[in-house]
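The model shown is predicted, which means the values in this text are computed figures rather than measured ones.
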Amino acid sequence: MSKASWVGKALAAAGMLVLTTVTAAVPATAANPLSVPTSSGCPAVDGKWADTGPFDVTEEHTGEGHTIYRPTELAAKGCTKNPVIIWGNGTFATPVVYDKLMRHFASHGFVVAAADTTQSGSGAAMLAGIDYLAKRNEDAGSVYYHKVDLDKIGAAGHSQGGGGAINAGEDARVKTVIPLQPGPQGTVEKVKGSMFFLAGSADIVVIPGLLVHPRFLGAGHTVAEYGELKGATHFTSIGDAGGFRGPMTAWFRFELLGDEQARGEFFGPGCGNCADPAWTRFERNARAAQVPGPDA
């Protein structure tokens, strides 16, 4: 299904007749002149979270329900292994709708297993992506052989897929979750790892104050942060994800690659996102506030 068809169906489902184009803000990045290697050994990007990363990208169709976006050469450029992101699409959507974002993640060193389903809310298809990569990681004849870091797995998704990411986060293999304008699926209190909730101030499909911020408030058992991007609609997330792209990349780089430059975007008293005018609202819960910043 084309992007236009998906957008049309989503608009119809929401009871909207007209899609108004709104330019969303783009968060700034914390200045850091030093190129500090990540704890994973993968190359630093000097705060250029929204820019294409240092890896060439290969796309693969597994034939088992997933589209894989990965660095063309795995365990390269200093990386000993490559961490994983599992992805869930919004209702009516397939990975092609988010192709630019998936390629962006892969260019930063992540192996992305995007579920091909248009109904990702249960999280089951997303978790099946982990199973697929685990099997390939043990196949001596596979390009993935012992090059996938199955101890560093994140889940993300948009709309229904954001709800699916919350469901997937109940699995202990998933270390961190980014629900992007998430649907109502999943139980936040059951998520095992850290969470970064994202909303759009101009989203009239998944309304931030009703459907996203309250879920953030329910995540007091784990490290959680909330960002409401100024001017972002529900459809800012398609394509390359606009102003969401950089913060999502920084979060995954810190949580999964051990990128200490990215730490400063979220943690410590001078966190880069905390006073960034690109957000209409940016909050950290008590557990997140206790995570040391880069200068601690």
* Do Tyr226 and Arg284 touch side chain to side chain, with heavy atoms closer than 4.5 Å? -> no

With a cut-off of 3.5 Å and sequence neighbours excluded, list every side-chain donor-acceptor pair involving residues 122-129.
from: Ser122; atom 1: OG; to: Ala124; atom 2: N; distance (Å): 3.1

* Asked: Taking everything shown except Asp56 itself, do over 12 heavy atoms lie less than 6.0 Å from its CG?
  -> no

* **Under 3.5 Å donor-acceptor, Arg263 side chain and Phe254 backbone** => no

* Thr187: partners by side chain to side chain donor-acceptor pair (under 3.5 Å), with sequence neighbours left out -> none

* **Minimum heavy-atom distance between Asn89 and Ser120, given as atom pair plus value** => O-OG, 2.7 Å

* Is any side-chain heavy atom of Pro182 closer than 4.5 Å to a side-chain heavy atom of Val212? -> yes

* Can you list every pair that meets side-chain hydrogen bond (donor to acceptor under 3.5 Å, both in side chains) and has a residue in residues 101-110, with sequence neighbours left out? -> Glu59-Arg103, Asp99-Arg103, His104-Thr249, His108-Arg253

* Expected output: side-chain Thr62 to main-chain His66 donor-acceptor under 3.5 Å -> yes

* When rounded to the nearest 0.5 angstrom, what distance separates CZ in Phe266 from CD in Glu255? -> 8.5 Å

* What about Ile86 and Ile68, same hydrophobic cluster or not, with Ile/Leu/Val/Met/Phe/Trp/Tyr joined at side-chain heavy-atom distances under 4.5 Å? -> yes

* Compare every heavy atom of Phe282 with every heavy atom of Cys274, then report the nearest pair and how far apart it is. => CA-CD2, 4.0 Å

* Of Thr176, Leu256, Asp259, which meets side chain to side chain contact (heavy atoms under 4.5 Å, CB included) against Trp251? -> Thr176

* Pair listing, ring pair (Phe, Tyr, Trp, His ring centres under 6.0 Å) test, anchored in residues 134-154, at least two apart -> none

* How would you list, by chain and number, every residue that makes a side chain to side chain donor-acceptor pair (under 3.5 Å) with Thr280, sequence neighbours excluded? -> Glu228

* Asked: Is the closest side-chain donor-acceptor distance between Trp49 and Glu265 under 3.5 Å?
  -> yes

* Excluding sequence neighbours, so at least two apart, what forms side chain to side chain donor-acceptor pair (under 3.5 Å) with Glu283? -> His213, Arg281

* Between Thr222 and Ser194, do the side chains contain an N or O donor and an N or O acceptor separated by less than 3.5 Å? -> no

* With sequence neighbours left out, which residue pairs that include part of residues 143-257 fulfil the disulfide (SG to SG under 2.5 Å) condition? -> none

* Indicate whether any N or O donor in one side chain lies under 3.5 Å from an N or O acceptor in the other, for Ser142 and Asn137. => no

* Given the rule that I, L, V, M, F, W and Y join up when any side-chain heavy atoms are under 4.5 Å apart, are Val57 and Leu257 in one cluster? -> no

* Asked: Taking the side chain from Thr117 and the backbone from Gln119, do they hold a donor-acceptor pair closer than 3.5 Å?
  -> yes

* Structure fact -> Value for CD (Gln160) from OG1 (Thr118), rounded to nearest 0.5 Å, stands at 7.5 Å

* For Lys135, which residues count as a salt bridge (Lys or Arg N to Asp or Glu O under 4.0 Å) partner, sequence neighbours excluded? -> Glu64

* Got Val174 and Ile130 here, is their nearest side-chain heavy-atom distance under 4.5 Å? -> yes

* Any chance you could lay out the salt bridge (charged side-chain N to carboxylate O under 4.0 Å, His left out) test for Arg70 and Glu60, step after step, and finish with the verdict? => CA-CA 8 Å; Arg70 63 170 176 84; Glu60 299 173 346; 2.8 Å; yes

* Structure fact -> Between Val177 and Gly169 the two heavy atoms that sit nearest each other are CG2-CA, 3.8 Å

* Asked: For residues 160-171, which residue pairs qualify under salt bridge (charged side-chain N to carboxylate O under 4.0 Å, His left out), counting only residues two or more places apart or in two chains?
  -> Asp171-Arg173

Taking distance alone, no hydrogens or angles, what donor-acceptor pairs closer than 3.5 Å link side-chain atoms of residues 195-205 to residues at least two apart or in another chain?
from: Ser201; atom 1: OG; to: Leu229; atom 2: O; distance (Å): 3.4
from: Ser201; atom 1: OG; to: Gly231; atom 2: N; distance (Å): 2.7
from: Asp203; atom 1: OD1; to: Val205; atom 2: N; distance (Å): 2.8
from: Asp203; atom 1: OD1; to: Val206; atom 2: N; distance (Å): 2.9
from: Asp203; atom 1: OD1; to: His234; atom 2: ND1; distance (Å): 3.4
from: Asp203; atom 1: OD2; to: Gln181; atom 2: NE2; distance (Å): 3.1
from: Asp203; atom 1: OD2; to: His234; atom 2: ND1; distance (Å): 2.8

* Determine yes or no for a side-chain-to-main-chain donor-acceptor pair under 3.5 angstrom, with Lys230 supplying the side chain and Pro277 the backbone. => yes

What side-chain donor-acceptor pairs closer than 3.5 Å can you find for residues 74-84, not counting sequence neighbours?
from: Asn82; atom 1: OD1; to: Ala75; atom 2: N; distance (Å): 2.8
from: Asn82; atom 1: ND2; to: Gly109; atom 2: O; distance (Å): 2.8

* Please round to the nearest 0.5 Å and tell me the distance separating atom CH2 of Trp87 and atom CG of Asp116. => 14.0 Å

* Around atom CD of Glu73, are there more than 12 heavy atoms of other residues, nucleotides or ligands at under 6.0 Å? -> no

* Looking at Val45 and Pro54, what are the two nearest heavy atoms and their distance? -> CG1-CD, 4.1 Å

* To do: Working to the nearest 0.5 Å, report the span between NE2 of His61 and OG1 of Thr67.
  => 5.0 Å

* Asked: Does Ile85 reach the side chain of Phe105, with side-chain heavy atoms less than 4.5 Å apart?
  -> yes

* Under 3.5 Å, is there a donor-acceptor pair between the side chain of Tyr69 and the main chain of Ala114? -> no

* To do: Evaluate side chain to side chain contact (heavy atoms under 4.5 Å, CB included) for Phe244 paired with Ser237, printing each intermediate quantity in order.
  => CA-CA 7 Å; Phe244 290 119; Ser237 298; 3.6 Å; yes

* Partners of Asp240 by side chain to side chain donor-acceptor pair (under 3.5 Å), sequence neighbours excluded? -> Arg245

* Structure fact -> For Tyr98 and His158, the nearest pair of non-hydrogen atoms, with its separation, is OH-ND1, 2.8 Å

* To do: Say whether Val143 and Phe55 are linked into one hydrophobic cluster, either directly or through other cluster members, by side-chain heavy-atom distances under 4.5 angstrom.
  => no

* Between Thr38 and Glu260, is any side-chain donor less than 3.5 angstrom from a side-chain acceptor? -> no

* Is Val223 reachable from Met248 through a run of I, L, V, M, F, W or Y residues, each pair having side-chain heavy atoms under 4.5 Å apart? -> yes

* Structure fact -> Tightest non-hydrogen contact, residues Ala44 and Gln261, listed as CB-OE1, 3.8 Å

